[in-house]
Amino acid sequence: MNTKPTDVVKELLENTAPDKVEAAASRPVAEDLTYVSLNFENPELKRILPWTGTSKGQYTLSDTFKNVARFWTIEDFSLASLFGDGEDVAAFGEFVYRSNTTGKAFRSPFAIHAKVRDGKIVFFLFMEDTFASARSFSTGGTWTIETELQAEPYEV
């Protein structure tokens, strides 16, 4: 029986709870999966969100979902759209997470690009609002931001 690539990704996304994700990831995820989380490599962001960057291996996805549940309480995770073209799958949705340390909640859209070959996810790119997720851990301080040449800097 041939499983459609969209069904493979949907099965994983429906089983991201910490008590389900490791078993779920072992079924549809290739041993040599390439996982890109939020960026290719950013040492500063990795200090805040340790799973960011590019990694390889079957359990990188399940490890990430378990870490997310360790850092935040997952208040909502909903899939809005999922479609595919050959081995490529795109998924879009939103989530609401609450920091377990600060109590700050944030809502973020997410976008996924996955590649599925022979019923296994071989590539998985996950994007979210990293500014909001990182800020959910902030306990003080400001950034001075200067985005335009002729504009005054401002603080966030």
Point to revise | Plane angle bin for Trp72 and Phe137 - parallel if under 30°, tilted between 30 and 60°, otherwise perpendicular | key: parallel

Check your understanding: What orientation do Phe77 and Phe110 show, parallel under 30°, tilted 30 to 60°, or perpendicular over 60°?
Key -> parallel

Joint hydrophobic cluster, [X] plus [Y], side-chain heavy atoms closer than 4.5 Å:
X: Val68; Y: Leu79; result: yes
X: Val96; Y: Phe106; result: no
X: Val29; Y: Leu82; result: yes
X: Leu13; Y: Ile74; result: yes
X: Ile48; Y: Tyr97; result: yes

When rounded to the nearest 0.5 angstrom, what distance separates [atom1] in [X] from [atom2] in [Y]?
X: Ser37; Y: Asn42; atom1: OG; atom2: CG; value: 11.5 Å
X: Ile121; Y: Leu61; atom1: CD1; atom2: CG; value: 6.5 Å
X: Asp85; Y: Thr6; atom1: CG; atom2: OG1; value: 11.0 Å
X: Thr3; Y: Lys120; atom1: OG1; atom2: NZ; value: 10.5 Å
X: Tyr35; Y: Asp63; atom1: OH; atom2: CG; value: 10.0 Å
X: Asp76; Y: Arg107; atom1: CG; atom2: CZ; value: 9.0 Å

Between [Y] and [X], is there a side-chain heavy-atom distance shorter than 4.5 Å?
X: Phe95; Y: Pro109; answer: no
X: Glu94; Y: Ser78; answer: yes
X: Leu38; Y: Phe126; answer: yes
X: Leu45; Y: Asn39; answer: yes
X: Arg98; Y: Lys104; answer: no
X: Ile145; Y: Thr147; answer: yes
X: Gln58; Y: Leu33; answer: no
X: Lys4; Y: Asp7; answer: yes

Review point. Given the side-chain rings of Phe123 and His113, with only the six-membered ring counted for Trp, is the space between their centroids under 6.0 Å?
Key: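 Between Phe123 and His113, the centre distance is under 6.0 Å.
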
Point to revise | Proximity of Phe131 and Trp143 rings by center, below 6.0 Å | key: yes

Does [X] [atom1] have over 12 foreign heavy atoms under 6.0 Å away?
X: Glu87; atom1: CD; result: yes
X: Glu44; atom1: CD; result: no
X: Lys10; atom1: NZ; result: no

Does any N or O in the side chain of [X] come within less than 3.5 Å of the main-chain N or O of [Y], such that one atom is a donor and the other an acceptor?
X: Asp88; Y: Gly84; result: no
X: Thr64; Y: Thr60; result: yes
X: Lys46; Y: Thr52; result: yes
X: Asn67; Y: Trp51; result: no

Minimum heavy-atom distance [X]-[Y], with the two atoms named:
X: Gly86; Y: Pro5; answer: O-CG, 3.4 Å
X: Pro28; Y: Leu12; answer: CG-CB, 4.4 Å
X: Ser138; Y: Thr102; answer: O-CG2, 4.1 Å
X: Phe124; Y: Ala114; answer: CD1-CB, 4.0 Å
X: Thr54; Y: Glu41; answer: N-OE1, 3.8 Å
X: Thr144; Y: Glu155; answer: OG1-OE2, 3.7 Å

Practice item. Determine, stepwise, if the pair Glu128 / Ser133 fulfils side-chain hydrogen bond (donor to acceptor under 3.5 Å, both in side chains). Key: CA-CA 8 Å; Glu128 69 184 52; Ser133 60; 3.0 Å; yes

